[in-house]
K.L.:
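Sharing a structure here in structure tokens format.
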There are 2 protein chains.
Amino acid sequence: MGDHIRRNMPLFPIGIVKKLTELSARQIRYYEEHSLIQPSRTDGNQRLFSFNDVDRLLEIKELIDQGVNISGIKQIFTMKQAEKTKKVESFHSPERKELTDQQLRSYLKSELMMAGRFGKASLIQGELSRFFH
Amino acid sequence: MGDHIRRNMPLFPIGIVKKLTELSARQIRYYEEHSLIQPSRTDGNQRLFSFNDVDRLLEIKELIDQGVNISGIKQIFTMKQAEKTKKVESFHSPERKELTDQQLRSYLKSELMMAGRFGKASLIQGELSRFFH
DNA sequence: TTTGGTATGTTAGAAAATCTGACATAGTTT
DNA sequence: AAACTATGTCAGATTTTCTAACATACCAAA
């Protein structure tokens, strides 16, 4: 849960993000303009990107390469977000509250493992081998 | 294994490092001048710091606060380095290799994917992790 | 006490990086 | 053909960082 903080901490200027993602500054700003990312700013108005932002830009690039346009990407992202909040809601739903602590811990553990193992699998399949050797 | 590479990726401009370490730019440059750190540079000669650099600056700050002077810190660091190489010298020869941008992107991407999948693990270690809880 | 070294602050001027806004353009859609 | 999409490019302004120099408080040695 400190994880969220770490991954959302504003760290990188646009020059680094360009190298990291192989996107042009124009593209990155354009995607921001269309609300695909929301990097924060310094006091002097310079963009600062987090790991999550970079992650998201890599996803965007992937989708662009696959021919998806901005609107499509926006849809995909809002769908993903819906998935996430759905999971959180079901976790907090009333019938879940009747669980014993033991059951809860067990659930949490398996949930984390499943999410870990299969969370993003569809998106990455095939890509993954390239990055691990 | 790719850990070394991740932790040595040049990522942060000095402005970010100032915030992360609560050191002044003057201090950071002074420590570089005395070879306590060796941040890399952009084509335009701007410093770029890695996670390791930031970690090291936090160690430096700690030691300064404890009254150790630059020479002392230098000694401590060379001792630590000796310890490390002693431990692993039977496994690897510590040759320094330059990263291509492509390699850097690959590692970042896989790191981000791993972080998303397994919730965290290797990206941030050492003292720097204090800032992410 | 004077001198000198250490670690840091501050300032100035130059260079690099980034910002926004505008116009250009190759493809695609209508 | 006209409009739209996604990106390139350029200009001028602003922010950030650079080096070099000088200032200073503290401490220690001569």
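Chain identifiers are assigned alphabetically (A, B, ...) following the order of the sequence lines, protein sequences preceding nucleic acid strands; residue numbering begins at 1 within each chain.
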K.L.:
Looking at C/dT20, I'd like to know if its phosphate oxygens (OP1 or OP2) sit under 4.0 Å from a side-chain N or O belonging to A/R47.
P.N.:
yes
K.L.:
In this structure, how many angstroms lie between the P atom of D/dT17 and the CD atom of B/Q46, rounded?
P.N.:
8 Å
K.L.:
Evaluate B/D3 against B/R6 for salt bridge (Lys or Arg N to Asp or Glu O under 4.0 Å), listing each step before the verdict.
P.N.:
CA-CA 5 Å; B/D3 201 47; B/R6 272 194 302 272; 3.1 Å; yes
K.L.:
Tell me, do B/K61 and B/T21 make a side-chain contact under 4.5 Å, heavy atoms counted?
P.N.:
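No, every pair of side-chain atoms sits at 4.5 Å or beyond.
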K.L.:
Measure the shortest side-chain to side-chain distance between A/L57 and A/I28 over non-hydrogen atoms and say whether it is less than 4.5 angstrom.
P.N.:
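Side chain of A/L57 against side chain of A/I28, heavy atoms only: contact under 4.5 Å found.
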K.L.:
Rounded to whole angstroms, how far apart are CZ on B/F12 and P on D/dT17?
P.N.:
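The distance from CZ of B/F12 to P of D/dT17 comes to 14 Å, rounded to the nearest Å.
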K.L.:
Whole angstrom is fine here: how far is it from CG in A/N45 over to P in C/dG21?
P.N.:
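Taking CG of A/N45 and P of C/dG21, I get 10 Å after rounding.
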K.L.:
Does the side chain of B/R47 reach to within under 4.5 Å of the side chain of B/F12, using non-hydrogen atoms?
P.N.:
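In short, these two side chains do not touch, never coming nearer than 4.5 Å.
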K.L.:
Between atom CD1 in B/I64 and atom C1' in C/dA7, what is the gap in whole Å?
P.N.:
8 Å
K.L.:
Taking atom C1' of D/dC18 as reference, at what distance in whole Å does atom CG of B/D43 sit?
P.N.:
15 Å
K.L.:
Just N and O in the side chain of B/S24: are any of them under 4.0 Å from OP1 or OP2 of C/dG9?
P.N.:
yes
K.L.:
In residues 65-73 of chain B, what residues come within less than 4.0 Å of DNA chain D, judged by heavy atoms?
P.N.:
none
K.L.:
Flag the pair A/E32 / A/S35 as yes when at least one side-chain heavy-atom distance between them is below 4.5 Å, and no otherwise.
P.N.:
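They are not in side-chain contact.
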K.L.:
Where along residues 30-41 of chain A does a heavy atom come under 4.0 Å from DNA chain D, residue by residue in number order?
P.N.:
A/Y30, A/Y31
K.L.:
A/I16 has an atom CD1; how far is it from atom C1' of C/dT18, in whole Å?
P.N.:
13 Å
K.L.:
Donor-acceptor pair, distance only, cut-off 3.5 Å: does the side chain of A/D55 make one with the backbone of A/F51?
P.N.:
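No, the answer is negative, given that no donor and acceptor are paired below the 3.5 Å cut-off.
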K.L.:
Might you point out which heavy atoms bring A/L48 and A/P13 nearest each other, and give the distance in Å?
P.N.:
CD2-N, 4.1 Å
K.L.:
Determine the minimum heavy-atom distance between B/L36 and B/R56, stating which atoms define it.
P.N.:
O-NH1, 2.9 Å
K.L.:
State, yes or no, whether a side-chain contact exists between B/K80 and B/E59 at a heavy-atom distance under 4.5 Å.
P.N.:
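Result yes, sub-4.5 Å side-chain heavy-atom pair found.
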K.L.:
I need the minimum non-hydrogen distance between B/I37 and B/P39, along with the two atoms involved.
P.N.:
C-CD, 3.5 Å
K.L.:
Is the shortest heavy-atom distance from the side chain of A/I70 to the side chain of A/I60 under 4.5 Å?
P.N.:
no
K.L.:
Within less than 4.0 Å of OP1 or OP2 of C/dT8, is there a side-chain N or O belonging to B/Q27?
P.N.:
yes
K.L.:
Over how many whole Å does the gap from A/I60 atom CD1 to D/dT7 atom C1' extend?
P.N.:
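So the two atoms are 15 Å apart, to the nearest Å.
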K.L.:
Polar atom pairs between nucleotides 20-25 of chain D and protein, under 3.5 Å, N or O only, would you list them?
P.N.:
none

